[in-house]
Colleague: 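Have a look at this one before I ask anything.
All ligand and atom numbering here is 1-based and tracks the order in the structure. For this chain, numbers begin at 1 and follow the sequence in order.
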Amino acid sequence: MAYETLIVDVDDYVAVIRLNRPDALNALNSQLLGELADALSAADANEKVRCIIVTGSEKAFAAGADIKEMSEKSFVDVFAGDLFTAETDAILRVRKPIIAAVAGYALGGGCELAMMCDFIICADNAKFGQPEINLGVVAGIGGTQRLTRFVGKSKAMDMHLTGRFMDAAEAERSGLVSRVVPAKKLMDEAMSVARKITEKSALTVMAVKESVNRSYETPLREGLLFERRMFHALFATEDQKEGMAAFLEKREAQFRDR
Ligand code: HXC
């Protein structure tokens with residue numbers, strides 16, 4: 001399918017979804033979010049995709065929800081229309097791993113979108129922020145909840161209450177991103193990480209994603225039980241036999257996703 005606000009490219013089992021509204025620093029309007037939900041669902045269903053990268057431009061991953069589009073909406077419009085719920089639910093339903101490759105601004109909804117991905121790799125020019133307070137609103141697609149879990153209460157409060165931006169070094173120090181690389185190398189690094197994931201058993205990759213996400217959504221005891229059951233369940237797969245045999249035979253594993 002052709003999109004107007006995205007560029008999608010599938011190569012070597014990696015889908016790269018590039019947000020593409022350069023005139024508005026990739027601000028997330030309903031069209032872009034709808035297309036993104038569609039592209040992610042399509043990648044999830046595509047047998048030629050084993051890992052997904054969501055990225056933007058060198059200047060902006062996304063500078064937030066589209067303020068122009070939101071500015072005239074009433075409470076009734078956004079509440080009755082359940083603004084952004086269907087799109088974000090679709091993103092969270094994706095079972096394949098999603099890497100956010102962030103350069104430049106990831107603000108408001110842009111920062112929230114990056115945090116909805118499974119992990120964030122960023123360029124050294126990245127700037128993260130939740131500046132909604134300056135617009136008289138709060139974050140709306142997870143920013144108060146996810147940023148707090150990523151960086152802790154003190155930094156999250158600081159970011160949300162002052163609207164200040166966090167640079168790449170602070171983001172790495174705080175645990176918001178997993179790696180920082182020079183801006184020119186961002187896509188090479190993201191591709192090399194994605195390719196590494198494509199070599200694993202798709203079954204185990206899905207089990208890891210579900211298990212780690214459980215740590216966000218359940219108390220520790222439930223999360224530990226879920227992880228243990230998932231660990232036990234994987235012994236029913238051929239990939240577990242192959243993975244362990246390959247180690248013992250000192251060779252590379254040949255996973256078949258079974
Ligand atoms: C609509 C936006 C936009 C946005 C930038 N633009 N951000 N349009 N919505 N969020 C547009 C500008 O209007 C401008 O268009 C063009 O992009 C370039 O932006 P400039 O401001 O000229 O660039 P610069 O001076 O480099 O400043 C970059 C910036 C600034 C610091 C990122 O644009 C900025 O502060 N943007 C808003 C950030 C923000 O408040 N985000 C949170 C949104 S609320 P023209 O036509 O004038 O050239 C939110 C709520 C989430 O995200 C809740 C649910 C999703």
Colleague: Heavy-atom contacts with Lys59 under 4.0 Å: which atoms of ligand 1 show up? List them by number with element.
Modeller: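 This gives 26 (O) as the contact atoms.
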
Colleague: Please list, in number order, the atoms of ligand 1 under 4.0 Å from a heavy atom of Leu107.
Modeller: 32 (C), 38 (C)

Colleague: Pick, from Ile141, Thr88, Leu25, the option with the minimum heavy-atom distance to atom 28 (C) of ligand 1.
Modeller: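 It is Leu25 that holds the nearest heavy atom.
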
Colleague: What is the nearest protein non-hydrogen atom to atom 1 (C) of ligand 1, stated with its residue, atom name and distance?
Modeller: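 Ranking protein heavy atoms by distance from atom 1 (C) of ligand 1, first comes Ile67 N, 3.5 Å.
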
Colleague: Would you mind listing which atoms of ligand 1 come within a distance below 4.0 Å of any non-hydrogen atom of Asp23?
Modeller: 15 (O), 16 (C), 17 (O)

Colleague: Can you find a side-chain donor-acceptor pair between Ser211 and Glu227 that sits under 3.5 Å?
Modeller: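 Side chains of Ser211 and Glu227: no pair found under 3.5 Å.
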
Colleague: What verdict does the salt bridge (charged side-chain N to carboxylate O under 4.0 Å, His left out) test give for Glu4 and Arg21, after you've listed the backbone C-alpha separation in whole Å, the side-chain angles of each residue and the deciding distance to 0.1 Å?
Modeller: CA-CA 9 Å; Glu4 286 176 13; Arg21 289 190 70 212; over 6 Å; no

Colleague: For the pair Arg195 and Asp12, evaluate salt bridge (charged side-chain N to carboxylate O under 4.0 Å, His left out) and give the outcome as yes or no after the intermediate values.
Modeller: CA-CA 8 Å; Arg195 290 231 170 81; Asp12 211 4; 3.0 Å; yes

Colleague: Between Glu242 and Arg256, does a salt bridge (charged side-chain N to carboxylate O under 4.0 Å, His left out) hold up when you go through it step by step?
Modeller: CA-CA 9 Å; Glu242 167 62 12; Arg256 297 170 56 229; over 6 Å; no

Colleague: Taking only heavy atoms of Glu132 into account, list the atoms of ligand 1 that are under 4.0 Å away from them.
Modeller: 44 (S), 49 (C), 50 (C), 51 (C), 52 (O)

Colleague: So, are Arg95 and Asp44 salt-bridged, with charged N and O less than 4.0 Å apart?
Modeller: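 Salt bridge absent between Arg95 and Asp44.
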
Colleague: Between Arg179 and Glu189, is there a side-chain N and carboxylate O pair less than 4.0 Å apart?
Modeller: yes

Colleague: Please state which option from Ala63, Pro22, Ala62, Gly110 has its nearest heavy atom closest to atom 36 (N) of ligand 1.
Modeller: Ala63

Colleague: With respect to Met166, which candidate in Asp158, Leu176, Leu147 satisfies the side chain to side chain contact (heavy atoms under 4.5 Å, CB included) definition?
Modeller: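 Going through the options one by one, the only one that passes is Leu176.
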
Colleague: Any atoms of ligand 1 less than 4.0 Å from a non-hydrogen atom of Leu135? List them with their elements.
Modeller: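 Listed by number with element: 40 (O), 43 (C), 44 (S).
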
Colleague: Rounded to the nearest 0.5 Å, what separates atom CG in Leu28 from atom CD1 in Ile141?
Modeller: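 Leu28 CG to Ile141 CD1: 6.5 Å, rounded to 0.5 Å.
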
Colleague: Should you measure from each heavy atom of Gly109, which atoms of ligand 1 turn up under 4.0 Å away?
Modeller: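 Answer, ordered by atom number: 49 (C), 51 (C), 52 (O).
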
Colleague: Taking only heavy atoms of Phe84 into account, list the atoms of ligand 1 that are under 4.0 Å away from them.
Modeller: 54 (C), 55 (C)

Colleague: Just jot down the ligand 1 atoms closer than 4.0 angstrom to any heavy atom of Glu112, in number order.
Modeller: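 The list of qualifying atoms is 51 (C), 53 (C).
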
Colleague: Looking only at protein heavy atoms, which one is nearest to atom 13 (O) of ligand 1, and what is the separation?
Modeller: Lys68 NZ, 4.9 Å

Colleague: Backbone or side chain, does any N or O of Ala27 fall under 3.5 Å from an N or O of ligand 1?
Modeller: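 Among all N and O atoms of Ala27, none is under 3.5 Å from an N or O of ligand 1.
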
Colleague: Tell me which one of Leu107, Leu25, Val102, Ile120 satisfies side chain to side chain contact (heavy atoms under 4.5 Å, CB included) with Phe61.
Modeller: Val102

